[in-house]
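The structure appears below as structure tokens.
Remember, it's a predicted structure, so these values are computed and weren't measured experimentally. Residue numbers begin at 1 in each chain, while the letters A, B, ... track the order of the sequences.
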Protein chains: 2
Amino acid sequence: MVGPRAKLAAPSDAGTQIVAAATRLFAAHGFDGTTVQDIADAVGVTKPAILHHFASKEQLRQAVLEGILAHWNQTLPRLLLKATASEARFDAVFEELLDFFASDPDRARVLVREGLDRPEETKRLLRGPVQPWLQAVARYIHGGQKSGDHYDDVDPEAYVVHILQLVLVATASSAVTQAAITKDARRRYVRELARIAKAALFPKQKKPTSRRPSRRSSKPKES
Amino acid sequence: MVGPRAKLAAPSDAGTQIVAAATRLFAAHGFDGTTVQDIADAVGVTKPAILHHFASKEQLRQAVLEGILAHWNQTLPRLLLKATASEARFDAVFEELLDFFASDPDRARVLVREGLDRPEETKRLLRGPVQPWLQAVARYIHGGQKSGDHYDDVDPEAYVVHILQLVLVATASSAVTQAAITKDARRRYVRELARIAKAALFPKQKKPTSRRPSRRSSKPKES
DNA sequence: CCTACCGATCGGTAGG
DNA sequence: CCTACCGATCGGTAGG
């Protein structure tokens with residue numbers, strides 16, 4: 001142990017640096033496509049040094065996943081507090097959900113890969129720690145249906161799963177899929193993503209052929 | 001060479017079998033998570049036999065991708081011929097699109113993995129051979145907007161990208177994500193996926209609280 | 001946390 | 001000479 005002064009000077013200790021590098025490399029190349037040596041090189045230590053902090057490559061993977069889920073559990077409750085079945089709230093919450101993943105696409109990439117590489121473990125995750133959050137959002141939507149704010153043929157549980165999945169993969173591979181959009185890709189990509197999620201939930205008051213922004217107050221039109 | 005009779009008797013030759021096994025294994029474990037020996041074991045031959053047909057593991061990956069794209073190019077034109085901006089047509093075309101991927105989820109899994117593992121190559125694919133198909137669908141939607149069948153705030157290019165992405169990932173990881181739905185998961189999963197894609201495109205005539213299927217002629221309801 | 005290694009297995013290729 | 005493989009092993013590298 002070092003002195004109390006040094007404790008605050010080194011909050012980013014070795015283990016944290018290793019998990020950060022591993023998250024980035026697992027996201028880019030996958031678990032099998034990343035060697036312990038790759039991580040050691042990224043951190044600037046030797047391979048045995050990595051395996052001193054994490055007894056196996058497998059334990060390093062679990063640490064990466066736990067780091068992502070911890071960040072999730074820290075952010076999601078605050079995000080859900082904002083959620084009600086009003087249109088303005090939806091925009092705010094959805095934008096925050098996007099920002100949460102977009103702020104570090106590597107998290108989304110790791111999660112998408114995990115679903116492909118380890119389906120059974122991911123199922124247990126979905127049926128366990130993740131389930132309550134999905135159910136909470138589904139209940140919000142169900143409440144919005146009763147009050148007439150949402151379409152009544154929405155399947156709240158399935159809707160939440162699909163939209164979360166769409167946000168995940170859209171974030172994970174945004175750099176790739178935006179290549180299919182000819183110009184102003186980033187803005188249109190995010191905008192349409194939010195529009196789809198919203199249009200599948202909220203009935204529109206205005207006619208499809210009318211152009212006047214009749215009721216919405218400050219719609220950020222393209223300039 | 002053998003006699004002409006034997007030529008027709010062996011349409012599923014060694015190369016075809018190898019590509020089929022490689023597709024399945026790459027889908028489940030990824031390119032780096034699959035060894036040439038794994039593929040050899042799956043086919044029932046030795047490793048050098050695999051590397052006789054495909055000079056390297058890398059060339060085998062390209063053969064797998066080409067097989068998927070060939071199947072795509074064979075099916076998509078017929079599928080697009082059906083597409084017009086009518087609601088009934090949308091149901092039929094979207095169902096076929098789902099069936100196309102759902103009939104072999106491994107294809108979707110390989111494509112999702114490819115987007116993560118080789119972003120630059122995937123970008124080139126999207127901007128090259130895939131682009132015309134996306135543009136064609138986008139033009140259909142644009143036409144539907146002009147005739148008032150679709151919302152006028154749909155971004156056709158971005159919509160096509162997102163919905164294709166959603167169908168891809170929903171197919172690739174359906175077994176996993178359905179675990180988050182408590183009961184009757186498969187039916188509700190597919191049904192809500194189609195509903196989201198459709199609700200983001202077609203304005204609804206009926207009020208959100210009404211239940212009667214007012215105008216649709218032969219909706220394929222659950223039996 | 002390093003140097004120095006292990007059992008095994010990697011993708012790929014030799015001669016036959 | 002060709003093809004479609006085999007048993008064995010190449011030089012390197014994996015996780016530990």
Side-chain angles (χ1 to χ4, degrees), chain A residues 1-3 6-7 9-65 110 113-114 117-118 121, chain B residues 1-66 110 113-114 117-118 121:
Chain A
M1 286 207 200
V2 289
K7 267 168 102 176
S12 174
D13 61 348
T16 309
Q17 273 185 268
I18 292 170
V19 170
T23 302
R24 184 166 42 82
L25 289 166
F26 288 170
H29 312 292
F31 182 78
D32 289 314
T34 304
T35 69
V36 176
Q37 186 65 57
D38 291 337
I39 300 167
D41 292 345
V43 177
V45 296
T46 61
K47 190 172 62 175
I50 302 290
L51 293 165
H52 165 75
H53 289 279
F54 300 92
S56 68
K57 194 188 178 189
E58 177 58 34
Q59 287 199 14
L60 186 46
R61 179 201 334 231
Q62 288 176 18
V64 165
L65 266 183
V110 168
R113 284 188 185 280
E114 190 70 7
D117 290 343
R118 316 206 325 174
E121 288 81 348
Chain B
M1 284 208 201
V2 288
R5 270 178 298 186
K7 267 168 100 177
L8 265 171
S12 175
D13 60 349
T16 308
Q17 273 185 268
I18 292 170
V19 169
T23 301
R24 184 166 42 82
L25 289 166
F26 288 169
H29 312 293
F31 182 77
D32 289 313
T34 303
T35 68
V36 176
Q37 187 64 58
D38 292 335
I39 300 166
D41 292 345
V43 177
V45 297
T46 61
K47 189 172 63 174
I50 302 288
L51 294 166
H52 165 77
H53 288 280
F54 300 91
S56 68
K57 194 188 179 188
E58 176 58 34
Q59 287 198 12
L60 186 47
R61 174 192 348 222
Q62 288 174 19
V64 166
L65 266 182
E66 279 164 21
V110 168
R113 285 189 184 277
E114 190 70 6
D117 289 343
R118 316 207 325 175
E121 287 81 350

| message | Does anything in residues 21-44 of chain A come within less than 4.0 Å of DNA chain C? Heavy atoms only, and list the residues if so. | response |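 The stretch gives none, as no residue of it lies under 4.0 Å from the strand.
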If I take atom [atom1] from residue [X] and atom [atom2] from residue [Y], how far apart are they, to the nearest 0.5 angstrom?
X	Y	atom1	atom2	value
B:Leu60	B:Phe31	CG	CZ	7.5 Å
A:Arg61	A:Glu58	CZ	CD	5.0 Å
B:His29	A:Asp32	NE2	CG	9.5 Å

Mind calculating the distance between [atom1] ([X]) and [atom2] ([N]) to the nearest angstrom?
X	N	atom1	atom2	answer
A:Lys47	C:dT3	NZ	C1'	12 Å
B:Ile18	D:dA4	CD1	C1'	11 Å
A:Ile50	D:dG16	CD1	P	13 Å
A:His52	C:dT3	NE2	P	16 Å
B:Gln17	D:dA4	CD	P	13 Å
B:Arg61	C:dG12	CZ	P	11 Å
A:Leu51	C:dC2	CG	P	12 Å

Rounded distance in Å between the [atom1] positions of [N] and [M]:
N	M	atom1	answer
D:dC10	C:dC10	C1'	12 Å
C:dA4	D:dG16	C1'	13 Å
C:dG12	D:dA8	P	22 Å

| request: Spell out, as yes or no, whether a donor-acceptor pair under 3.5 Å connects the side chain of A:Thr34 to the backbone of A:Leu25. | output: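 It does hold such a pair.
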Do any side-chain atoms of residues 37-46 of chain A form donor-acceptor pairs under 3.5 angstrom with protein atoms, and if so which ones, sequence neighbours left out?
from	atom 1	to	atom 2	distance (Å)
A:Gln37	NE2	A:Asp41	OD1	2.9
A:Asp38	OD1	A:Thr35	OG1	3.2
A:Asp38	OD2	A:Thr35	N	3.0
A:Asp38	OD2	A:Thr35	OG1	3.1

| request: Applying salt bridge (charged side-chain N to carboxylate O under 4.0 Å, His left out), name anything that partners B:Arg24, two or more places apart in sequence or on another chain. | output: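 With neighbours one apart ignored, the set is empty.
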| Partners of A:Asp117 by salt bridge (charged side-chain N to carboxylate O under 4.0 Å, His left out), sequence neighbours excluded? |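 Salt bridge (charged side-chain N to carboxylate O under 4.0 Å, His left out) list for A:Asp117, sorted by chain: B:Arg113.
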| said: Check the phosphate of D:dC5 against B:His53, side-chain N and O only, distance under 4.0 Å to OP1 or OP2. Yes or no? | reply: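 For D:dC5, OP1/OP2 do have a side-chain N/O of B:His53 under 4.0 Å.
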| query | So what does B:Ala55 touch, heavy atoms closer than 4.0 Å: a base, only the sugar-phosphate, or nothing? | reply |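 Result for B:Ala55 = sugar-phosphate.
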| field | Listed once per pair and sorted, the side chain to side chain donor-acceptor pair (under 3.5 Å) pairs that draw on residues 47-57 of chain B, sequence neighbours left out | value |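 The answer is none; no pair qualifies.
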| query | Which of these nucleotides, D:dA8, D:dG16, C:dC2, is closest to any side-chain atom of A:Lys57? | reply |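 Closest nucleotide among those given: D:dG16.
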| message | Could you write out DNA chain D as dot-bracket? Rules: Watson-Crick or G-U wobble, both distances under 3.5 Å, brackets [ ] for crossings, | for pairs with another strand, dot for unpaired. | response | .....|...|....||
| query | Any idea which heavy atoms bring B:Ala63 and B:Phe54 closest together, and the distance? | reply |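 Here B:Ala63 and B:Phe54 meet closest at CB-CE2, 3.5 Å.
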